[in-house]
Undergrad: 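First, the structure itself, so that you have it in front of you.
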Protein chains: 2
Amino acid sequence: MNTGTEVPRRTRIQQEKRELILEAALEVFSTHGFRGSTIDQIAEAAGMSKPNLLYYFRRKEDIHETLMLRLLDTWLAPLRELDDIGDPLTELRSYIRRKLEMARDFPRESRLFANEILQGAPRIMPLLAGDLKTLVDEKATVIKGWMRAGKIARTDPWHLIFSIWATTQHYADFDVQVRAVLGPNRGGDGRFEDAARFLEQLFLDGLKPKG
Amino acid sequence: MNTGTEVPRRTRIQQEKRELILEAALEVFSTHGFRGSTIDQIAEAAGMSKPNLLYYFRRKEDIHETLMLRLLDTWLAPLRELDDIGDPLTELRSYIRRKLEMARDFPRESRLFANEILQGAPRIMPLLAGDLKTLVDEKATVIKGWMRAGKIARTDPWHLIFSIWATTQHYADFDVQVRAVLGPNRGGDGRFEDAARFLEQLFLDGLKPKG
DNA sequence: CTAACGTTTGTCCAATCGGTCAAAAATTTG
DNA sequence: CAAATTTTTGACCGATTGGACAAACGTTAG
């Protein structure tokens with residue numbers, strides 16, 4: 001009798017080892033890109049031999065694909081939570097904050113995604129033009145409603161979302177540059193709080209002086 | 001008698017072929033990353049055999065290094081032009097516009113740079129912590145002056161620069177995603193004008209409704 | 001012409017790559 | 001316990017990689 005789970009039946013060891021491999025692969029892929037990473041590197045990072053790794057994932061690409069699919073789901077969670085119920089400005093502010101927290105807490109996921117997009121998204125293009133576009137269009141409609149209601153300034157909802165993605169993910173993807181420019185003092189752990197303060201002000205008030 | 005140029009003396013053919021190779025390498029490196037690109041690919045894109053390419057650049061890394069150094073110079077030109085003479089808001093607005101134009105006209109350069117930073121900037125780290133930091137610190141001082149004079153709102157100058165970099169380069173580095181989300185209609189050539197309009201509004205007024 | 005020099009290429013090499021395979025080792029099952 | 005199954009590994013393979021090299025080709029100067 002089938003337990004209800006679909007196609008691949010897995011033992012406890014398989015579950016654990018697969019997680020171990022995915023964790024190691026995330027580390028390697030996110031810093032060297034897909035082609036820049038080798039199975040040996042991932043195997044060593046996971047503490048096992050290459051053939052052993054290939055026992056759990058038969059091809060290098062399978063690891064990457066599993067990683068990408070799992071990532072996309074959690075990566076878009078903050079946007080999915082953007083809801084029509086609360087105060088628009090508060091909703092947007094907390095969306096920005098949550099995205100920035102993800103850049104701080106999951107920089108490897110951000111870099112893995114950035115690597116894929118940079119190279120033309122050869123493996124997830126259908127998802128971008130499909131699920132992602134649908135989700136963004138849906139949220140753009142919500143934002144448009146806020147604009148019509150006079151709750152936020154009239155502007156382009158799609159580019160607004162892009163700008164939130166760009167500014168927050170920048171602190172994960174370009175982290176080395178951010179830290180190099182800020183220097184040892186301001187580039188420490190406090191940089192994310194500084195960024196949060198700045199982004200809040202930018203998105204709410206812009207740069208025009210008060211009055 | 002020496003003509004005045006430094007160490008490597010070069011013939012006309014060498015000049016031309018080297019440019020040809022660099023152009024081809026920019027195309028290849030920017031879409032596949034350093035490790036993801038092969039000398040054969042670059043040679044083919046440049047219309048010559050691999051040994052012939054290696055006659056002009058002895059190592060793959062030499063091509064990449066030449067490309068990076070040349071890039072950084074032109075890449076930071078807009079920021080260097082940010083000057084204390086004009087009206088602050090106008091200066092910032094034209095800086096944003098110029099950076100966005102560079103993302104539109106030189107997306108490969110942007111992606112090449114992004115690739116390098118994403119992987120930890122192993123080849124240009126000293127430049128980031130050196131020349132780049134110096135330049136940004138200098139401009140941050142200028143911006144601080146504007147704030148003290150009440151010309152623009154008080155905020156963090158470094159993160160302001162980061163946000164301009166992030167939002168503008170996003171349209172080069174994440175171009176596939178931008179076009180996929182905007183769809184065939186709005187993702188056409190007009191997307192950069194839409195982005196320019198949006199960014200101007202964002203950086204000047206933010207999202208708060210007027211009044 | 002020929003010698004000298006710059007350019008181009010076919011061939012080759014060692015290293016690394018993703019992936020296979022059979023056999024050993026460990027674990028689970030009865 | 002022993003049999004069956006799952007897990008692990010050493011050895012190996014063909015393909016691709018960055019790069020070396022000498023020979024061929026082209027051009028120019030005397």
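No hydrogens, no waters, no symmetry mates; every other heavy atom, side chains included, goes into these values. First the proteins, then the strands, lettered A, B, ... as listed; each starts at 1.
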Undergrad: Establish, with yes or no, whether the OP1 or OP2 oxygen of D/dT7 is under 4.0 angstrom from a side-chain nitrogen or oxygen of A/Y55.
TA: yes

Undergrad: Suppose we screen for salt bridge (charged side-chain N to carboxylate O under 4.0 Å, His left out). Which residues come up paired with B/R98, at least two apart in sequence or across chains?
TA: B/E81

Undergrad: How long is the line joining CG of A/N52 and C1' of C/dT27, in whole Å?
TA: 14 Å

Undergrad: Can you name the salt bridge (charged side-chain N to carboxylate O under 4.0 Å, His left out) partners of A/E65, sequence neighbours left out?
TA: none

Undergrad: May I have the distance from B/H64 (atom NE2) to D/dG18 (atom P), rounded to whole angstrom?
TA: 13 Å

Undergrad: Is the shortest heavy-atom distance from the side chain of B/L79 to the side chain of B/Y95 under 4.5 Å?
TA: yes

Undergrad: With the sugar-phosphate defined as primed atoms, P, OP1 and OP2, and the base as all remaining atoms, what B/S/- string results for nucleotides 17-24 of chain C, 5' to 3', for protein heavy atoms under 4.0 Å?
TA: SBBBB---

Undergrad: Under a 4.0 Å N-O cut-off, is there an ion pair linking B/D194 with B/R186?
TA: yes

Undergrad: D/dT8 C1' sits how many Å from A/Q14 CD, rounded?
TA: 13 Å

Undergrad: Below 4.0 angstrom from OP1 or OP2 of C/dT8, is there any side-chain N or O of B/K17?
TA: yes

Undergrad: Separation of A/Q15 atom CD from D/dT6 atom P, in whole Å?
TA: 15 Å

Undergrad: Please check this pair: side chain of B/E91 against backbone of B/L82, looking for a donor-acceptor N/O pair closer than 3.5 Å.
TA: no

Undergrad: B/E65 has an atom CD; how far is it from atom P of D/dG18, in whole Å?
TA: 17 Å

Undergrad: Starting from C1' on C/dT7, measure out to CG on B/L20 and report it in whole angstrom.
TA: 14 Å

Undergrad: Does A/F203 have A/R93 sitting over its ring (NZ/CZ under 6.0 Å from centre, angle to axis within 45°)?
TA: no

Undergrad: For the pair made of CD1 in B/I42 and C1' in D/dG18, what is the distance, rounded to whole Å?
TA: 11 Å

Undergrad: Classify B/Y56 by what it touches in the nucleic acid, base, sugar-phosphate, or nothing, heavy-atom distance under 4.0 Å.
TA: sugar-phosphate

Undergrad: Starting at atom CD of A/E16, determine the distance to atom P of D/dT6, rounded to an integer number of angstrom.
TA: 17 Å

Undergrad: Which is it for A/Q177 and B/L132 under the side-chain contact (heavy atoms from CB on, under 4.5 Å) test, yes or no, and what are the steps along the way?
TA: CA-CA 9 Å; A/Q177 180 178 252; B/L132 179 63; 3.8 Å; yes

